[in-house]
Number of protein chains: 2
Amino acid sequence: MMDKEEHLFEVFENLIRIKNECSCTIFSECGLSDMTVKQIAYLKAIDEQREVTFSRLAEITRNSKPTITEMINKFVRMECVYRERCPDDGRILYIRLTDKGKKIAHAEHNAMRRVIEQMVNSLDEHEMDLLIGILQKVR
Amino acid sequence: MMDKEEHLFEVFENLIRIKNECSCTIFSECGLSDMTVKQIAYLKAIDEQREVTFSRLAEITRNSKPTITEMINKFVRMECVYRERCPDDGRILYIRLTDKGKKIAHAEHNAMRRVIEQMVNSLDEHEMDLLIGILQKVR
DNA sequence: TTATGATTAGGTATAACCTAACTAACGAAG
DNA sequence: CTTCGTTAGTTAGGTTATACCTAATCATAA
């Protein structure tokens, strides 16, 4: 049994490697290999909220509003987000992700997609069913 | 087919989630949730080399020697590494990982192991064979 | 006119790097 | 066996950038 565990380990290492390669490709496609984990987390936070304002983001991330302004200015320089004024209330600005911002926020997700696509290409329908059946059992 | 892809995606998301939970557990077991990606990469570099010295690490990481001294002092404060003088040449110091340092360097690896262990517990031998057979086909 | 949302100004702390100068230890030459 | 050049690591001191903050200001809404 130990032997099988080892084998399974190698197989999964391989899959994770493929996934990481995909993430890296996506990040370098955006020309942002040096982005910090925190920055990516912030972009994700912006993505998850809809219609997020500066005050709201300050609340969520537990930072002061000037910190958020600074952060957003940086993201604007990086072309990841833009400001959109609320049509009903001129004081409010929404923070929106650009295509590039979305790409980064979804990078992990998309890397996963690419690996799955590779699977779909490598496996037949029967194997897919088997795989789904087996992996569903793991909790 | 689209439907199966979606299904497979969910199944894998679940596995990755389990793995990430494991990594987080391992990091917080070390009381170091705020470690940077770079620091972990450096610990891994120390782990991969054997008998690594300050000069060698400066070479590998393309930093100056004072930078390495500073970095190692920090890791010593974090109780991740210690210095060991070379018995044959008093000028040379080896950088060694403590148990905590090793734990961090191997965190990803160990998280993977835990997930595999969960698989081994959830699946019978036949299912394991099937799984290995199927996943090996993905390249 | 007061409250609210965002920005600006100005400041602090720390990280992550650097060069130059120093100390300790080795090893070969005289 | 001393001395001198070399090597390994450290210290001192500096730079630059990041990531935060408070207080004050500006624009808009109610």
Side-chain angles (χ1 to χ4, degrees), chain A residues 27 30-46 49-98 101 104, chain B residues 27 30-46 49-98 101 104:
Chain A
F27 282 126
C30 297
L32 291 170
S33 311
D34 53 349
M35 215 160 182
T36 70
V37 176
K38 209 162 201 172
Q39 284 171 343
I40 294 165
Y42 283 147
L43 286 181
K44 280 186 189 166
I46 295 167
Q49 306 286 323
R50 288 181 313 130
E51 308 282 276
V52 68
T53 65
F54 284 75
S55 303
R56 179 79 187 107
L57 193 58
E59 235 174 79
I60 298 165
T61 65
R62 297 178 190 208
N63 286 122
S64 69
K65 284 195 275 177
T67 300
I68 300 302
T69 298
E70 206 174 48
M71 192 177 91
I72 296 301
N73 284 340
K74 190 174 180 176
F75 282 150
V76 168
R77 263 178 273 127
M78 287 170 154
E79 300 177 300
C80 293
V81 307
Y82 61 96
R83 290 165 166 83
E84 188 170 278
R85 194 164 293 277
C86 173
D88 305 328
D89 184 338
R91 290 170 304 180
I92 293 172
L93 290 171
Y94 293 123
I95 304 164
R96 308 270 191 213
L97 292 184
T98 61
I104 295 164
Chain B
F27 282 126
C30 297
L32 290 169
S33 310
D34 53 348
M35 215 160 181
T36 70
V37 175
K38 210 161 200 171
Q39 284 171 343
I40 294 165
Y42 283 146
L43 286 182
K44 280 187 189 167
I46 295 167
Q49 306 287 322
R50 289 182 312 131
E51 307 282 275
V52 69
T53 64
F54 283 76
S55 302
R56 179 79 188 105
L57 193 58
E59 236 174 79
I60 297 165
T61 65
R62 297 179 190 206
N63 286 122
S64 69
K65 285 196 277 176
T67 299
I68 300 302
T69 299
E70 206 174 50
M71 192 176 91
I72 295 302
N73 284 341
K74 189 173 179 176
F75 281 151
V76 168
R77 264 178 270 128
M78 287 171 154
E79 300 178 301
C80 294
V81 307
Y82 61 98
R83 289 165 167 84
E84 188 170 277
R85 196 164 291 278
C86 172
D88 304 328
D89 185 339
R91 291 169 304 180
I92 294 172
L93 291 170
Y94 293 123
I95 304 164
R96 307 270 192 216
L97 292 184
T98 60
I104 295 164

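What you are looking at is a predicted structure, and each value in this text was computed from that prediction instead of being measured. Sequence lines set the chain letters: A, B, ... in the order given, protein chains first and strands last, and positions in each chain run from 1. All values below were derived from every heavy atom in this structure, side-chain atoms included, with hydrogens, water molecules and symmetry-related copies excluded.
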Requested in this report: For C/dA16, take OP1 and OP2 only and decide whether either is under 4.0 Å from a side-chain N or O of B/K74.
Outcome: yes
Query raised in the report: So, is A/S64 near the phosphate of D/dC20, with a side-chain N or O under 4.0 Å from OP1 or OP2?
Result: no
Report summary line: When every non-hydrogen atom of A/Q39 is compared with those of A/F75, the smallest separation belongs to O-CZ, 3.6 Å
Query raised in the report: In this structure, are over 12 heavy atoms from other groups packed under 6.0 Å from A/Q49 atom CD?
Result: yes
**Report entry** Spacing of B/R77 atom CZ relative to C/dA16 atom C1', expressed in whole Å
**Finding:** 13 Å
Query raised in the report: Going by heavy atoms in the side chains, are A/R77 and A/K74 under 4.5 Å from each other?
Result: yes
Report summary line: Taking every heavy atom of A/T53 against every heavy atom of A/I92, the minimum-distance pair comes out as CG2-CG2, 3.5 Å
Report task. Establish, with yes or no, whether the OP1 or OP2 oxygen of C/dA16 is under 4.0 angstrom from a side-chain nitrogen or oxygen of B/T67. Result -> no
Report summary line: Residues passing the side chain to side chain contact (heavy atoms under 4.5 Å, CB included) test with B/E70, sequence neighbours excluded, are none
**Report entry** Atom-to-atom span, CG of B/N63 to C1' of D/dG9 - whole angstrom
**Finding:** 15 Å
Query raised in the report: Starting at NZ of B/K65 and ending at P of C/dA21, how long is that distance when rounded to a whole Å?
Result: 16 Å
**Report entry** Neighbours of DNA chain D within residues 81-98 of chain B, by heavy-atom distance under 4.0 Å
**Finding:** B/R83, B/R91, B/I92, B/L93
Report task. In whole angstrom, give the distance that lies between atom OH of A/Y42 and atom P of D/dA19. Result -> 8 Å
Query raised in the report: Of A/T67, A/V81, A/L93, which is the lone residue that meets side chain to side chain contact (heavy atoms under 4.5 Å, CB included) with A/I72?
Result: A/V81
Query raised in the report: Closest heavy-atom contact between A/L43 and A/C80?
Result: CD2-CB, 4.1 Å
Query - Rounded distance (Å) that lies between atom P of D/dT10 and atom CG of B/N73 - result: 7 Å
**Report entry** Spacing of CD1 belonging to A/I104 relative to CG belonging to A/L97, to within rounding of 0.5 Å
**Finding:** 9.0 Å
Query raised in the report: Heavy atom of residues 50-58 of chain B under 4.0 Å from DNA chain D: which residues?
Result: B/T53, B/F54, B/S55
Report task. To the nearest Å, give me how far apart CZ (B/R62) and C1' (C/dC18) are. Result -> 17 Å
Report summary line: Atom CD of B/E70 and atom P of D/dG9 are separated, to the nearest Å, by 16 Å
Report task. Indicate the atoms forming the closest heavy-atom contact of B/N63 with B/Y42, along with that distance. Result -> OD1-OH, 3.1 Å
Query - Atom-pair distance (CZ on B/F75; P on C/dA15), nearest Å - result: 12 Å
